[in-house]
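Some notes on the structure that comes next.
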Amino acid sequence: NAGVTQTPKFQVLKTGQSMTLQCAQDMNHEYMSWYRQDPGMGLRLIHYSVGAGITDQGEVPNGYNVSRSTTEDFPLRLLSAAPSQTSVYFCASSYSRDNGYTFGSGTRLTVV
Amino acid sequence: GIQVEQSPPDLILQEGANSTLRCNFSDSVNNLQWFHQNPWGQLINLFYIPSGTKQNGRLSATTVATERYSLLYISSSQTTDSGVYFCAGSPAGGSYIPTFGRGTSLIVHP
């Protein structure tokens with residue numbers, strides 16, 4: 001099915017552990033973004049990419065890394081998990097800058 | 001960055017009622033969009049509406065770009081309309097990556 005696929009859907013980490021949240025889209029979208037959603041805060045931009053090989057920081061990038069080696073994939077890496085990174089993470093993509101965004105179903109991450 | 005203000009923050013309706021949600025931007029924006037987050041957390045794109053008016057069934061949206069606001073109209077509301085509605089836009093001349101408001105939480109009672 002065409003769309004944005006995020007894995008895993010749920011994850012529990014211990015403080016200090018690292019992990020990678022996966023995001024893949026099969027719509028040939030150039031623009032991809034990672035957001036985190038916390039209660040009452042809306043969605044805040046972590047990192048984004050406007051094409052393969054191009055990434056940039058958003059509003060809350062600290063503690064996260066990204067890379068974009070292919071058009072399809074945009075993984076988000078947590079380097080050393082902290083309780084403050086407990087959140088729901090959404091990946092989104094768009095065909096171009098003048099098109100609407102499609103969201104994945106999210107990853108609920110808990111850091112203990 | 002731009003500031004995105006949504007009003008009202010919370011809204012409770014009886015089934016069949018109409019409502020208007022508003023989104024104000026602190027500066028000119030590109031690619032204004034409206035999203036619905038259902039009670040299961042899924043985010044659905046309702047409208048891509050940088051200017052003008054669009055309609056999709058019982059929902060319609062109007063963006064007045066020169067005055068930096070957008071409205072989402074919900075007519076004859078149904079319980080399935082419950083959830084959180086977000087608007088988002090990116091600064092004109094910027095990265096074209098949307099900044100989101102904090103949302104309007106809507107509950108529709110049967």
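Numbered from 1 within each chain, the chains take letters A, B, ... in sequence-line order.
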Interface moiety of [X] toward chain A, non-hydrogen atoms closer than 4.5 Å:
X: B/P98; value: both
X: B/Q42; value: neither
X: B/N30; value: neither
X: B/F47; value: neither

Please find the pair of heavy atoms, one from B/I97 and one from A/S33, that lie closest to each other, and give the distance.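 In this case the closest contact between B/I97 and A/S33 is CG2-OG, 3.7 Å.
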Which heavy atom in A/Y101 sits nearest to a heavy atom in B/F35, and how many Å separate them?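 Result for this residue pair: O-CE2, 3.6 Å.
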To the nearest 0.5 angstrom, please state how far the [atom1] atom of [X] sits from the [atom2] atom of [Y].
X: B/R102; Y: A/R44; atom1: CZ; atom2: CZ; result: 8.5 Å
X: A/Y35; Y: B/T99; atom1: OH; atom2: OG1; result: 7.0 Å
X: A/S96; Y: B/Y96; atom1: OG; atom2: OH; result: 10.0 Å

Co-membership, hydrophobic cluster, residues [X] and [Y], 4.5 Å side-chain:
X: A/W34; Y: A/L13; value: yes
X: A/I54; Y: A/Y31; value: yes
X: B/L72; Y: B/F100; value: no
X: A/I46; Y: A/L109; value: yes
X: A/V88; Y: B/V84; value: yes

B/Q78 CD: over 12 foreign heavy atoms closer than 6.0 Å: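 Enclosed: over 12 neighbouring heavy atoms sit under 6.0 Å from CD of B/Q78.
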Taking atom CZ as the centre, does A/R108 end up with more than 12 heavy-atom neighbours from other residues, nucleotides or ligands that are less than 6.0 angstrom away?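 No, because the 6.0 Å sphere around CZ of A/R108 holds 12 heavy atoms or fewer from other groups.
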Would you check if [X] and [Y] make a side-chain contact, meaning some heavy-atom pair closer than 4.5 Å?
X: A/T102; Y: B/L43; answer: no
X: B/Y48; Y: A/N99; answer: no
X: A/F90; Y: B/Q37; answer: yes

Side chain, backbone, both or neither: which part of [X] has a non-hydrogen atom closer than 4.5 Å to chain B?
X: A/L43; value: both
X: A/E59; value: neither
X: A/Y48; value: side chain

